[in-house]
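All remarks here apply to the structure that follows.
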Amino acid sequence: MSVNFHEFEDGVALAEELADRVSATLSDAISARGTATIAVSGGSTPKAFFKTLSTRDIDWAKVTVTLVDERFVPADNPRSNHLLVCENLLQNKAKAANFLPLYRDAGSAEEAAQIVSADAASLGAPFDVAILGMGTDGHTASFFPRGSNLAEAISATTPRGVITMEAEGAGETRLTFTFASLQDARLLVLHIEGQGKKDVLAAAEADGPETDMPIRAILRRAATPVDIYWAP
Ligand SMILES: O=C1O[C@H](COP(=O)(O)O)[C@@H](O)[C@H](O)[C@H]1O
């Protein structure tokens, strides 16, 4: 397990520092390879970071933004992570970025997952940046405890791509990038806020099965050191 813990006085300071770090990584990627990729999480935590990052001076037209995970709902649904990203990240300078949605108007979530996996493969790998969140149940991306496809999602032998997940507590059927897709991002960040999430992190860092707290798969087995950004 290789983890670097970064603590900030509040969410605003965290958002500034994380936006600086991500901007530098994306700009370096553009210098090195001509384009850059970033996969971001949904939920309530990343809003301030998204707003701050959207103002950063990056060659956004060369950046593709995608989601670590998504609900199987159209982009106009208030619970859509796509909508969250449109309203908070793909604004200001970041309006010029490309966006790869996970939800597709396909016959089923499984069909959508296949279509997105093919599209995502064309982006190249690994992601330059992956920003993960964590739920109070220890889920990350849509790797939910007792999730229908949890074993497949976190297996080191499951290939890169997007699969479906159903779980109690997940609400809608989910689409999620697999462990293989996220664990070797050039910059791999776990962004959490609040004492409650810090306590959950401490529990995840203790012994126990990955299936009880799937964030453990990332903390224990990611190829890239995990940079944890936390504010009270
Ligand atoms: O379901 C989800 O929740 C997690 C954490 O969300 P938060 O509201 O506690 O910040 C998020 O990382 C994931 O992308 C999202 O789909």
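In each ligand, atom 1 is the first atom listed, and ligand 1 is the first ligand listed. The structure presented is a predicted model; accordingly, all values stated were derived computationally and were not measured.
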- From the options Asp28, Asp227, Asp128, select the one residue that forms a salt bridge (Lys or Arg N to Asp or Glu O under 4.0 Å) with Arg186. Asp128
- Task: Provide, to 0.1 Å, the distance between atom 3 (O) of ligand 1 and the closest protein heavy atom, together with that atom's residue and name.
- Result: His139 NE2, 3.2 Å
- Which atoms of ligand 1 have any heavy atom of Gly133 under 4.0 Å away? 12 (O)
- Message: Could you report the tightest heavy-atom contact between Lys198 and Glu7, atom names first, then the distance?
- Response: NZ-OE1, 4.0 Å
- Looking at Ala112 and Ala106, what are the two nearest heavy atoms and their distance? N-CB, 3.8 Å
- Heavy-atom closest pair, residues Thr37 and Pro126: OG1-O, 4.1 Å
- Note on the structure: Gly43 heavy atoms within 4.0 Å reach ligand 1 at atoms 6 (O), 7 (P), 8 (O)
- Query: Side chains of Asn88 and Ser54: donor-acceptor distance under 3.5 Å anywhere?
  - Reply: no
- Item | Electrostatic pair Lys51:Glu87 at N-O distance under 4.0 angstrom | no
- Tell me, please: is Asn81 in heavy-atom contact with ligand 1, that is, under 4.0 Å? yes
- Task: Compute the shortest N/O to N/O distance between Gly42 and ligand 1 and return yes if it is under 3.5 Å, no if not.
- Result: yes
- Query: Does Glu193 come within less than 4.0 Å of ligand 1, judged by its heavy atoms?
  - Reply: no
- Note on the structure: closest protein heavy atom to atom 16 (O) of ligand 1 is Asp69 OD2, 2.6 Å
- Mark up the atoms of ligand 1 that fall under 4.0 Å of a heavy atom belonging to Thr45, in ascending order. 7 (P), 10 (O)
- Could you see which bit of Glu70 sits under 4.0 Å from ligand 1, with heavy atoms only: side chain, backbone, both or neither? neither
- Query: For the residue pair Tyr229 and Phe8, does the interplanar ring angle fall in the parallel (under 30°), tilted (30 to 60°) or perpendicular (over 60°) class?
  - Reply: parallel
- Note on the structure: Within 4.0 Å of some non-hydrogen atom of Lys197, the atoms of ligand 1 are 7 (P), 9 (O), 10 (O)
- Task: Tell me whether Leu175 is reachable from Val65 by hopping between hydrophobic residues (I, L, V, M, F, W, Y) whose side-chain heavy atoms are closer than 4.5 Å.
- Result: yes
- Arg174 to ligand 1: N or O pair under 3.5 Å? yes
- Query: Against heavy atoms of Ser44, which atoms of ligand 1 measure under 4.0 Å?
  - Reply: 7 (P), 8 (O), 10 (O)
